[in-house]
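Values below: every heavy atom of this structure, side chains too, minus hydrogens, waters and symmetry copies. Because the structure is a prediction, the values reported are computed rather than measured.
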Amino acid sequence: MSAEQQGDGPAGLRKDAPPSGSDTAQGGADARPATPSWIRELDMALTVHPQVLLTGNVRDQYLLPDDHAAGSSATLAPYSLGGVIESLCTARGYGALAFLDQVHERITLLRLSATIDQVPAVLREFAERDEKWRRGRDGQGADGAEDEDEPEMLDRVRDAMVGVVHHPGPPVGLVVPYSGRLGSPQAPVAGEAARLFAAAEELGHTARPVQGASAVTPYNTVFWVVERQEELPREFAVGSRAVRVISVPQPPHDQRLAAARHVVGGLARYQAATGGPALTDAETAAAAKALADSSHGMGSSEVMAIGRMALDRNLPVQRLDEAARLYRIGVLDNPWATAELRERIATGEEFLNGKVIGQPYAVRRTLEIFMRSAAGLNGAQASSSPTRPRGTLFLSGPTGVGKTELAKGVAEMILGKDARPIRFDMSEFAEEHARDRLIGAPPGFVGHDAGGELTNAVRANPMSVLLFDEIDKANPRLFDLFLQILEDGRLTDGRGATVYFTECVLIFTSNLGITASVLGEPPTGEAGAGDTDGSTGATEVAPRANRRQLSRHDDPTLVRQSLREAFDAFFNDSIKRPELRNRFGDNFIPMDFMQEKWVPQILDKAIASVAGRVRDAHGAELTLADDAWEVLRVEATRRLDHGGRGVLTAVESALVNPLAREVFRTPPRRGERLQVVAIEGDGDGEGYRLEVERWQG
């Protein structure tokens, strides 16, 4: 019985038809990928192991030479795993393969070379039942219902396995896809499932190669197939010497390139046939390479699915990398490719400096990073992992200088006026279980179905600005997650689903290094400026390292150097993750202490905000006289060691609090004008008092 006659059985396992017909790899035979090592290992295992466990990328398609193609040996076709097994078994002289079909609870038979009387009796019986079931399904008069005495499914699998292993020849095989569904990995199996796995373990040790004319003959082989080994029931004898465990990896670049050539060839022919421009060999080669590069981490079947998506959306061959992006994250609009975003980045210096006052150096460095992304050169220096996030920033500096405000400004610049970063306060993730909060608990643990806070957020908003505040306070286990995000641009959550960070911007903040060892004397006016030798009274004049808190009086170059040294020491020595430090590369951005020259600008912005709130709440206009403004400036300067937040605290203490008392006692009427002509007090005792003049406008 041929695979095509098997209908719902092995036909879907044998070989899947190419989306656009068989295609000769562009570039001739030299462009063919090498046979994957796992296929060579599987071929070897047929002669030395009675059972094979295939795990990993087992649901993919694999581009291999077409067994049935006439002509060029460079003709490739996509095979499923069942098709690969069939091809290898045919070459080894197997007479038949049996496939477990869990959908219809049947075992179907695919004869390769044997006659029906040369297959095990139990498989002949299953084939007869299958034919009876098929005739009933197709309305040919036979009863399609199962017999009342039909054995349970696990009994059938056990009987088939015993019949296969004990068959004298020609060799036969039994393929059990979705093996993890035969029992639970969390609890011991019982009943028929226990009998099945006990029999499998014993048969593995008692099986013998099939007798034959050749010197090396294969076993009757049982093929177990599961995506993740941990899905198997506990009773499965993974450690048995009779079981060969073969991991099927994600396709490397040459395999994806072969799939990309397959897709590009079909699309190019379709494009030319429907009146589109004919592509040169160089153009098709460039398109195939772009698709292979942009499909990093995907399977060959996904590469071919991208081709179908491009055809459906009428995307030209030259834009297959855009189709890959659409397939990966499902977002139709790409702001990184728009002229509008390029314009916002080009004028971003003025915009961000308006959002974050007093940090021109940090703003310039930030914009350089996003210019790379908008130009399509993010990560261009790396030959691998083109799926890294669009941008990564590590903002380091004292408290209150605008690290969070810069993150908010970046989100607004990239994603639009109302956009805000998705913020994670990493001081809340200091415990051992914090990893589970971010990506979700593993199967069997409480909260497994809820998913993780980080993965859920990115799945819901694939284009996001993610802010990880005070990253140095996070549990060290979390840094492995960040390493994977920065390198591969993806994470697998607790439920096994992949979440892509390719279109995200990641911003980390820290105030590491504010307490530093500084060479030389402290700034003028600070304690310890002249240490004295107690025995002679002489002042020590030689420079030495002083451990002290950095301040706004220090030279900015010294501050940036200290912050960078603390950054390196944290990753190299504290958490011992120098590889993560390297992933940040030159994206470390130190932020300066707030200087007195920026106080008027911050002060005016804060006063404007207060006036706007009065306008919105009461319909009144608030202004400050020069004397009152000067009192605020002096108070803000006095608190400048706390950065811009100190300025805002001064405004709250000296203006907002006494203004609230004034407005509470005598609410202003709509259209009324209020001018603060004087601010009295020093913040002690009852605090500040305002002298306010009112008139109707």
| task | Begin from the C-alpha positions of K355 and K408 and carry the test side-chain contact (heavy atoms from CB on, under 4.5 Å) through to its verdict. | result | CA-CA 8 Å; K355 293 284 185 181; K408 292 178 180 178; over 6 Å; no

| message | Quick one, I485 and L491 - any side-chain contact, counting heavy atoms below 4.5 Å? | response | yes

| said: For V248, is there any backbone N or O sitting under 3.5 Å from a side-chain donor or acceptor partner on N57? | reply: no

| Side chains of M304 and P78 in contact at under 4.5 Å (non-hydrogen atoms) | yes

| task | For P251 and S300, work out which heavy atoms get closest and say how close. | result | CG-N, 3.7 Å

| task | List the steps, then state whether salt bridge (charged side-chain N to carboxylate O under 4.0 Å, His left out) holds for D488 with R388. | result | CA-CA 6 Å; D488 297 328; R388 289 174 177 174; over 6 Å; no

| request: Kindly check if the number of other-residue, nucleotide or ligand heavy atoms within 6.0 Å of OH (Y361) is above 12? | output: yes

| What residues, two or more places apart in sequence or in another chain, satisfy ring-ring contact (aromatic ring centres under 6.0 Å, His included) together with Y62? | W38

| request: Take atom CG of D573 as the centre, draw a 6.0 Å sphere, and report whether it contains more than 12 heavy atoms from other residues, nucleotides or ligands. | output: yes

| message | Using only atom types and a distance under 3.5 Å, with no angle test, would you say the side chain of Q102 pairs donor to acceptor with the backbone of Y178? | response | yes

| message | Tell me every residue that passes ring-ring contact (aromatic ring centres under 6.0 Å, His included) with F567, counting only those two or more places apart in sequence or in another chain. | response | F394, F571, F588

| request: Would you give the length of the straight line joining atom CD of E86 to atom CG of L110, rounded to the nearest 0.5 angstrom? | output: 5.0 Å

| query | How far does OG1 of T366 sit from CD of Q359, to the nearest 0.5 angstrom? | reply | 9.5 Å

| note | Interatomic distance, CZ@F99 vs CD1@I85, rounded to 0.5 Å, equals 6.5 Å

| query | Is there a side-chain contact between F501 and L454 (heavy atoms, below 4.5 Å)? | reply | yes

| query | Would you say M44 and R244 make side-chain contact, with heavy atoms under 4.5 Å? | reply | yes

| task | May I ask you to test the I589-S396 pair for a side-chain heavy-atom distance under 4.5 Å? | result | no

| query | Can you find a pair of side-chain heavy atoms, one from L478 and one from P476, that are under 4.5 Å apart? | reply | no

| query | So D469 and M426, side-chain contact (heavy atoms from CB on, under 4.5 Å) or not? Walk me through it. | reply | CA-CA 6 Å; D469 223 351; M426 301 313 294; 5.7 Å; no

| request: May I ask you to decide if G83's main-chain N or O and S87's side chain share a donor-acceptor pair within less than 3.5 Å? | output: no

| message | Taking M298's backbone N and O only, do any of them form a donor-acceptor pair with S295's side chain (distance below 3.5 Å, no angle check)? | response | no

| query | For F351, is the NZ or CZ atom of R344 found under 6.0 angstrom from the centre of its six-membered ring and inside 45 degrees of the ring axis? | reply | no

| Test: R308 and D312 ion pair at under 4.0 Å | no

| request: With sequence neighbours excluded, tell me which residues meet side chain to side chain donor-acceptor pair (under 3.5 Å) with E470. | output: K473

| To the nearest 0.5 Å, what is the distance between CD (Q229) and CG (L54)? | 11.5 Å

| Check: P252 main-chain N/O paired with Q255 side-chain donor or acceptor under 3.5 Å | no

| field | Ion pair R577/D480, N-O distance below 4.0 Å | value | yes

| task | With sequence neighbours left out, write down each residue that passes side chain to side chain donor-acceptor pair (under 3.5 Å) with N572, or none if nothing qualifies. | result | R581

| Lys/Arg-Asp/Glu bridge criterion (N-O < 4.0 Å) met for R256, D293 | no

| request: Compute whether any side-chain donor of one residue and acceptor of the other, for N587 and T392, lie under 3.5 angstrom apart. | output: no

| task | Say whether, by atom type as modelled, one donor and one acceptor occur between the side chain of T492 and the main chain of T498 under 3.5 angstrom. | result | no

| note | Shortest non-hydrogen pair, F370 vs L393, comes out as CE1-CD1, 4.1 Å

| ring-ring contact (aromatic ring centres under 6.0 Å, His included) involving F223 - partner list, sequence neighbours excluded | none

| said: Could you tell me if R423 sits above the aromatic ring of F468, with its cationic atom closer than 6.0 Å to the ring centre and no more than 45 degrees from the axis? | reply: no

| Value rounded to 0.5 Å, distance of CZ in F570 from CD1 in I575 | 4.5 Å

| field | For the student: nearest non-hydrogen atoms of L64 and P36, plus distance | value | CD2-CD, 4.0 Å

| message | Just so I know, are the side chains of R435 and N475 near enough to count as touching, which here means a heavy-atom distance under 4.5 Å? | response | no

| message | Could you report the tightest heavy-atom contact between A566 and L512, atom names first, then the distance? | response | CB-C, 3.8 Å

| request: For the pair R365 (side chain) and D586 (backbone), establish whether a donor and an acceptor sit closer than 3.5 Å, ignoring hydrogens and angles. | output: yes

| request: Please list, chain by chain and in numerical order, all residues satisfying salt bridge (charged side-chain N to carboxylate O under 4.0 Å, His left out) with R364, sequence neighbours excluded. | output: none

| message | With side chain to side chain contact (heavy atoms under 4.5 Å, CB included) as the test, pick out the partner of S510 among D472, L395, L563. | response | D472

| request: Considering non-hydrogen atoms only, spot the tightest contact between V458 and C504 and give its length. | output: CG1-SG, 3.9 Å

| query | If every non-hydrogen atom of F479 is compared with every non-hydrogen atom of A474, which pair is closest and at what distance? | reply | CE1-O, 4.0 Å

| task | Measure from the side-chain N and O atoms of E302 to the backbone N and O of G299, and report whether any donor-acceptor pair falls under 3.5 Å. | result | yes

| Note: D493-R459 ion pair, threshold 4.0 Å (strictly below) | yes

| Quick check: does any side chain N or O of R560 sit under 3.5 Å from a backbone N or O of M591, one acting as donor and the other as acceptor? | no

| task | Compare all side-chain heavy atoms of L481 with those of I439 and state whether any distance is below 4.5 angstrom. | result | yes

| request: For the pair I507 and V410, evaluate side-chain contact (heavy atoms from CB on, under 4.5 Å) and give the outcome as yes or no after the intermediate values. | output: CA-CA 10 Å; I507 301 178; V410 166; 4.3 Å; yes

| message | Please check: side-chain N/O of N461 versus main-chain N/O of M463, any donor-acceptor pairing under 3.5 Å? | response | no

| remark: So CG of L506 and CG of L486: to nearest 0.5 Å the spacing works out to 6.0 Å

| message | Using side-chain contact (heavy atoms from CB on, under 4.5 Å), reason through R261 and L291 one step at a time and then give a plain yes or no. | response | CA-CA 9 Å; R261 288 174 177 142; L291 177 56; over 6 Å; no

| query | Just wondering, are more than 12 heavy atoms of other shown residues or ligands nearer than 6.0 Å to CZ in R181? | reply | no

